[in-house]
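Comments concern the structure below.
Keep in mind that what you see is a predicted model, and the values were worked out from it rather than measured.
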Amino acid sequence: MVQLHVKRGDESQFLFNTTVDATLETVIQQITAIYNGRLKVDRVCSEIPELADHGITLPPNMQGLTEDQIEELNLKDEWESKCVPSGGPVFKKDEVGRRNGHAPNAKMKEVLMKTVEEAKALISKKQVQANICVTPEMIKEALDQLRGAVMIVYPMGLPPHDPIRMEFEEREDLTGTQASLQVITEDECQLWWAAKEMQRGKKLQDYIGKNEKTKLVVKIQRKGQGAPAREPLVTEEQQKQMMMHYYRRQEELKKLEDANDDSYMDSEWSDRQALKKQFQGLTNIKWGPR
């Protein structure tokens, strides 16, 4: 299997296994699906702590309003009585005014937060260091775990306008958000290797040969952004090792220099005639007026 270390810019994303016979269309499709799937898991994981702390999302026309404004406009959240967390709610006001403040109890909150940590671990960038490849099945497993935890805490489901439910149902609207800048669709995705764009219509072996044990770093890029920066000749870890070696070498040379220092010969204690001079009263002799 060929192992691709997928990066965006200088930041590692994940490892991906394929074969030299794979077409670039297939590779790009699979890498894009995993890349965007990891972003989806991250978005859900960032929303669930808010759900655990402050309950479901208010309807869009009530978000950001004060209690007085809501009362004055005679607005009512029809989902508040339908979407009640298991074990009953614990009120914790959302100062931002985005959620209704009826949060799950401590036990249910623990279920949500524990699942978030497990899902994050599945798609973590640390998997690169552990030499574990991320697969579409792992993305699906992470999303299924999150969906299951939400269903345990909210058996009646979440409101249709809640961003977590929208993510699960593929209805998320990222327009105008920072998250939209991270997503790369399959059509606009490009793969770069060794400062060359890997063209669709070709196979992986057209670029790297037929060795199935090849490992290489590829960069995912949005079409029209130009060529990404080339990989440095020396990695950050290698640079650290080189600096440590240089420092240790400098310390060793310094110790050797100190060991060869003969300036101690000018010291009083190193004078072999010091004892004789002391008996003869020749120490502490000064010339000139006192």
Side-chain angles (χ1 to χ4, degrees), residues 1-47 119-120 122-128 132-144 146-147 161-209 214-232 235:
M1 298 293 286
V2 178
Q3 187 178 88
L4 305 183
H5 180 178
V6 181
K7 287 188 172 185
R8 186 170 188 188
D10 293 329
E11 190 174 2
S12 293
Q13 299 296 320
F14 54 91
L15 298 180
F16 174 75
N17 276 342
T18 185
T19 65
V20 293
D21 289 330
T23 62
L24 265 302
E25 285 91 343
T26 301
V27 172
I28 290 174
Q29 179 186 16
Q30 293 172 336
I31 286 180
T32 306
I34 294 174
Y35 174 79
N36 290 326
R38 289 179 68 254
L39 293 177
K40 177 184 281 290
V41 173
D42 277 337
R43 291 195 300 270
V44 175
C45 287
S46 67
E47 284 288 349
K120 281 183 176 180
L122 271 177
I123 54 95
S124 172
K125 294 175 182 178
K126 293 181 179 179
Q127 299 282 47
V128 173
I132 297 175
C133 294
V134 177
T135 63
E137 290 75 23
M138 292 169 69
I139 301 293
K140 182 178 182 301
E141 182 182 351
L143 288 171
D144 287 345
L146 295 169
R147 186 183 290 107
H161 54 267
D162 194 291
I164 297 174
R165 176 171 171 178
M166 292 174 72
E167 289 281 1
F168 288 148
E169 296 177 354
E170 306 292 343
R171 295 187 295 108
E172 68 272 17
D173 182 10
L174 305 178
T175 307
T177 65
Q178 184 66 28
S180 66
L181 303 178
Q182 297 177 307
V183 174
I184 301 178
T185 64
E186 183 183 335
D187 293 338
E188 62 184 4
C189 177
Q190 293 178 333
L191 279 187
W192 290 74
W193 172 68
K196 296 178 182 178
E197 181 189 350
M198 305 179 85
Q199 298 286 344
R200 298 170 190 259
K202 294 187 176 183
K203 291 186 176 182
L204 201 56
Q205 65 184 10
D206 295 331
Y207 291 92
I208 65 172
T214 305
K215 295 182 179 181
L216 59 150
V217 175
V218 297
K219 294 196 174 183
I220 187 171
Q221 185 93 328
R222 186 179 280 115
K223 188 182 296 183
Q225 291 185 331
R230 297 193 67 164
E231 281 292 289
T235 65

If you define the side chain from C-beta out and look only at heavy atoms, does anything of [X] sit under 4.5 Å from [Y]?
X      : Y      : answer
Arg222 : Cys189 : no
Pro136 : Ile34  : yes
Tyr35  : Val183 : no
Thr185 : Asn36  : no
Leu174 : Leu181 : no
Ile208 : Val20  : yes
Phe14  : Ile132 : no
Arg38  : Ile139 : yes

Does the [X] side chain pair with the main chain of [Y], one donor and one acceptor, at a distance under 3.5 Å?
X      : Y      : result
Thr32  : Ile28  : yes
Gln190 : Ile220 : no
Lys219 : Gly9   : yes

On a heavy-atom basis, which atom in [X] and which in [Y] lie closest, and how many Å separate them?
X      : Y      : value
Gly176 : Ser180 : N-OG, 4.3 Å
His5   : Ser12  : NE2-OG, 2.9 Å
Glu197 : Tyr207 : O-OH, 3.5 Å
Gln127 : Leu122 : NE2-O, 3.1 Å
Trp193 : Val217 : CD1-O, 3.2 Å

Spatial distance of atom [atom1] ([X]) from atom [atom2] ([Y]) [nearest 0.5 Å]:
X      : Y      : atom1 : atom2 : result
Lys125 : Leu15  : NZ    : CG    : 13.0 Å
Gln221 : Lys7   : CD    : NZ    : 13.5 Å
Cys45  : Ile164 : SG    : CD1   : 9.5 Å
Leu24  : Asp206 : CG    : CG    : 8.0 Å
Ile123 : Thr135 : CD1   : OG1   : 12.0 Å

Would you please test Arg200 and Glu25 for salt bridge (Lys or Arg N to Asp or Glu O under 4.0 Å) and show each step?
CA-CA 6 Å; Arg200 298 170 190 259; Glu25 285 91 343; over 6 Å; no
Determine, stepwise, if the pair Asp21 / Leu204 fulfils side-chain contact (heavy atoms from CB on, under 4.5 Å).
CA-CA 6 Å; Asp21 289 330; Leu204 201 56; over 6 Å; no
Determine, stepwise, if the pair Thr26 / Thr18 fulfils side-chain contact (heavy atoms from CB on, under 4.5 Å).
CA-CA 10 Å; Thr26 301; Thr18 185; over 6 Å; no
When you look at CD of Gln178, are more than 12 heavy atoms from neighbouring residues, nucleotides or ligands closer to it than 6.0 Å?
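Atom CD in Gln178 is not packed in, count stays at 12 or less.
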Would you say that more than 12 heavy atoms from the other residues, nucleotides or ligands in this model lie under 6.0 Å from the NZ of Lys126, or not?
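Not more than 12 within 6.0 Å, no.
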Could you walk me through whether Lys140 and Asp144 pass salt bridge (Lys or Arg N to Asp or Glu O under 4.0 Å), step by step?
CA-CA 6 Å; Lys140 182 178 182 301; Asp144 287 345; 2.9 Å; yes
Any pair counted as salt bridge (charged side-chain N to carboxylate O under 4.0 Å, His left out), so long as it reaches residues 164-187, sequence neighbours left out
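Qualifying pairs, neighbours excluded: Lys40-Glu167, Lys40-Glu170, Lys40-Glu172, Arg43-Glu167, Arg43-Glu172, Arg165-Glu169, Glu169-Arg171.
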Determine, stepwise, if the pair Ile31 / Gln13 fulfils side-chain contact (heavy atoms from CB on, under 4.5 Å).
CA-CA 10 Å; Ile31 286 180; Gln13 299 296 320; over 6 Å; no
As a quick check of understanding, evaluate side-chain contact (heavy atoms from CB on, under 4.5 Å) for Phe16 and Gln3, giving each step before the final call.
CA-CA 6 Å; Phe16 174 75; Gln3 187 178 88; over 6 Å; no
Would you please name every residue forming a side chain to side chain donor-acceptor pair (under 3.5 Å) with Thr19, sequence neighbours left out?
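For Thr19, no residue satisfies side chain to side chain donor-acceptor pair (under 3.5 Å) once neighbours in sequence are set aside.
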